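Since the structure comes first, as structure tokens, the remarks are kept for the end.
The shown structure was predicted, so the numbers you read here are calculated from the model rather than taken from an experiment.
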Amino acid sequence: MPLLYDRFPELRDTVPHLSLGAAPTPLRRLPPFPGTETEIWLADEGAFGDGGWGGNKVRKLEWLLPDVARRGRRTILTVGGLGTNWGLATALYAREQGLATVLALVDQPVDEHVRAQLERIRNSGATVYFTHTVARTALTVPWLLARHRTGSTLPYLLPAGGSSPLGLLGYVEVGLELAAQVSAGVMPEPTHIVTAVGSGGTAAGLALGLTVAGLRTRVVGVVVNDKLRLDPRSLLRTAGRTERLLRARGAHLPKNVALTADRLLLVRDQLGPGYGHATESGRAAQISARENAGLHLEPVYTAKAMAAILDPRRGFGAGPIVYLHTDGTR
């Protein structure tokens, strides 16, 4: 049962949930990395998910898919890059619920990782449109909604990454889980939790969840996408919309949930030339993670997040910090 239901029992009747993985995500301390004295713990969200794909996107789908059913929709329309983890996870888990998925895909650099992902997407049963640019995608969405309607029922439209107010509940839940693990003595209270930021929902949901749980842990979002507006103010505004959603559905939150700017730090020095471009620091982080901890990171998200941790300029101190591994490759 979600910890959100334990904390706010009134949500059981107003915010449906579909379990798609085993929670909580296990935490383990990683071996020391050369060049840093920071104590690093791994939260491997890549292992979350009972279907053919895992990762942070599945957390969001646990709250989004029941809403699709509640609204009587039969098709999901969403967007992403050519190598979208979000699009693939949506297609696979929606298919298990008898739902169709339509994907509008924006160009990104094509490498071995993206080619493998595109093949997975082709095998997922999703209907794919290559819309190339963000602007062209925005113009095409109304046509796609009309084309894929069922009778008079339009598809359920979701933003990139599932980062809607409802989707953020996946990482409000993870914030509550981390607080419960700290309380149980699994690990000390972390000073920071570090995650890649592609659409912002994971970081924004964590900021809200950790605040509600009473942890002082700061969220560090490593920006890997230059195609969306990603800044602390807009992400905290998104978290605020999720807070209002919870209140509207009956949750008795404290009157003053302090979603202040100091809860969320975004860093941009790992982006490189842009979304989907591998970087030298990311490649070095991939090698270091594999050799020191047996972690296999992909170049678009998880390697850049690890590179931010290993950057000696970052100044995480002794920690402990949590590295949130979000990729779901199976």
Side-chain angles (χ1 to χ4, degrees), residues 1-9 11 15 17 19-27 41-48 55-64 161-222 232 235-247 249 251-254 256-266 305 319-326:
M1 179 181 296
L3 293 181
L4 262 173
Y5 286 175
D6 287 342
R7 186 171 288 257
F8 306 111
L11 294 177
V15 185
H17 175 266
S19 179
L20 298 175
T25 298
L27 291 168
W41 289 68
L42 171 70
D44 189 2
E45 287 286 271
F48 188 87
N56 63 331
K57 315 307 182 187
V58 185
R59 290 280 194 171
K60 299 172 183 178
L61 288 168
E62 289 195 319
W63 302 93
L64 292 167
S163 294
S164 68
L166 191 62
L168 262 64
L169 292 182
Y171 275 87
V172 174
E173 179 73 11
V174 171
L176 297 178
E177 287 177 8
L178 180 58
Q181 289 169 305
V182 169
S183 178
V186 176
M187 74 168 292
E189 181 174 351
T191 60
H192 301 82
I193 181 167
V194 182
T195 183
V197 171
S199 60
T202 297
L206 279 171
L208 178 57
L210 293 168
T211 301
V212 170
L215 289 189
R216 295 166 295 178
T217 305
R218 297 180 70 191
V219 179
V220 179
V222 182
L235 264 61
L236 289 172
R237 192 160 49 239
T238 301
R241 287 196 287 270
T242 298
E243 178 190 348
R244 292 192 292 275
L245 170 71
L246 289 171
R247 293 187 192 277
R249 300 289 179 93
H252 300 301
L253 276 75
N256 296 311
V257 176
L259 276 171
T260 54
D262 62 334
R263 299 309 305 264
L264 177 61
L265 171 67
L266 295 186
I321 68 171
V322 173
Y323 168 64
L324 192 74
H325 184 286
T326 54

Has [X] got a side-chain atom pairing as donor or acceptor with [Y]'s backbone, closer than 3.5 angstrom?
X	Y	value
K60	G161	yes
E45	T25	no
T217	T191	no
S183	A179	no

Taking atom [atom1] of [X] and atom [atom2] of [Y], what is their separation to the nearest 0.5 Å?
X	Y	atom1	atom2	result
E189	L215	CD	CG	4.5 Å
T242	L166	OG1	CG	8.0 Å
L264	I193	CG	CD1	12.0 Å
I321	L42	CD1	CG	11.0 Å
F8	L3	CZ	CG	11.0 Å

Should [X] and [Y] count as side-chain neighbours, where that means a heavy-atom distance under 4.5 Å?
X	Y	value
Q181	V322	no
F48	E62	yes
V172	W63	no
V15	L245	no
V182	P190	yes

- Query: Of L210, V186, L206, which is the lone residue that meets side-chain contact (heavy atoms from CB on, under 4.5 Å) with L178?
  - Reply: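 Passing option: L210.
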
What is the minimum heavy-atom distance between [X] and [Y], and which atoms define it?
X	Y	result
G240	L259	N-CD1, 4.0 Å
R218	L265	NH2-CB, 4.0 Å
S164	L64	OG-CD2, 3.5 Å
A305	V194	O-CG1, 4.0 Å
L27	A43	CD2-CB, 3.7 Å
L235	A203	CD2-CB, 4.2 Å

- Step by step, would you call L169 with L246 a side chain to side chain contact (heavy atoms under 4.5 Å, CB included)? CA-CA 9 Å; L169 292 182; L246 289 171; 3.6 Å; yes

- Task: Start with the C-alpha gap between T211 and E243, add the side-chain angles, then the distance that decides, and say whether side chain to side chain contact (heavy atoms under 4.5 Å, CB included) holds.
- Result: CA-CA 11 Å; T211 301; E243 178 190 348; over 6 Å; no

- For E173 and R59, run salt bridge (Lys or Arg N to Asp or Glu O under 4.0 Å): C-alpha distance rounded to whole Å, both residues' side-chain angles, the deciding distance at 0.1 Å, then the answer. CA-CA 9 Å; E173 179 73 11; R59 290 280 194 171; 5.6 Å; no

- Task: Please step through side chain to side chain contact (heavy atoms under 4.5 Å, CB included) for the pair T202 and L324, ending with a clear verdict.
- Result: CA-CA 10 Å; T202 297; L324 192 74; 3.7 Å; yes

- Item | Atom CZ of R216 with >12 non-hydrogen neighbours under 6.0 angstrom | no

- Classify the side-chain pair R241/T238 by whether it contains a donor and acceptor separated by less than 3.5 Å.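 Yes, side-chain donor-acceptor contact under 3.5 Å.
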
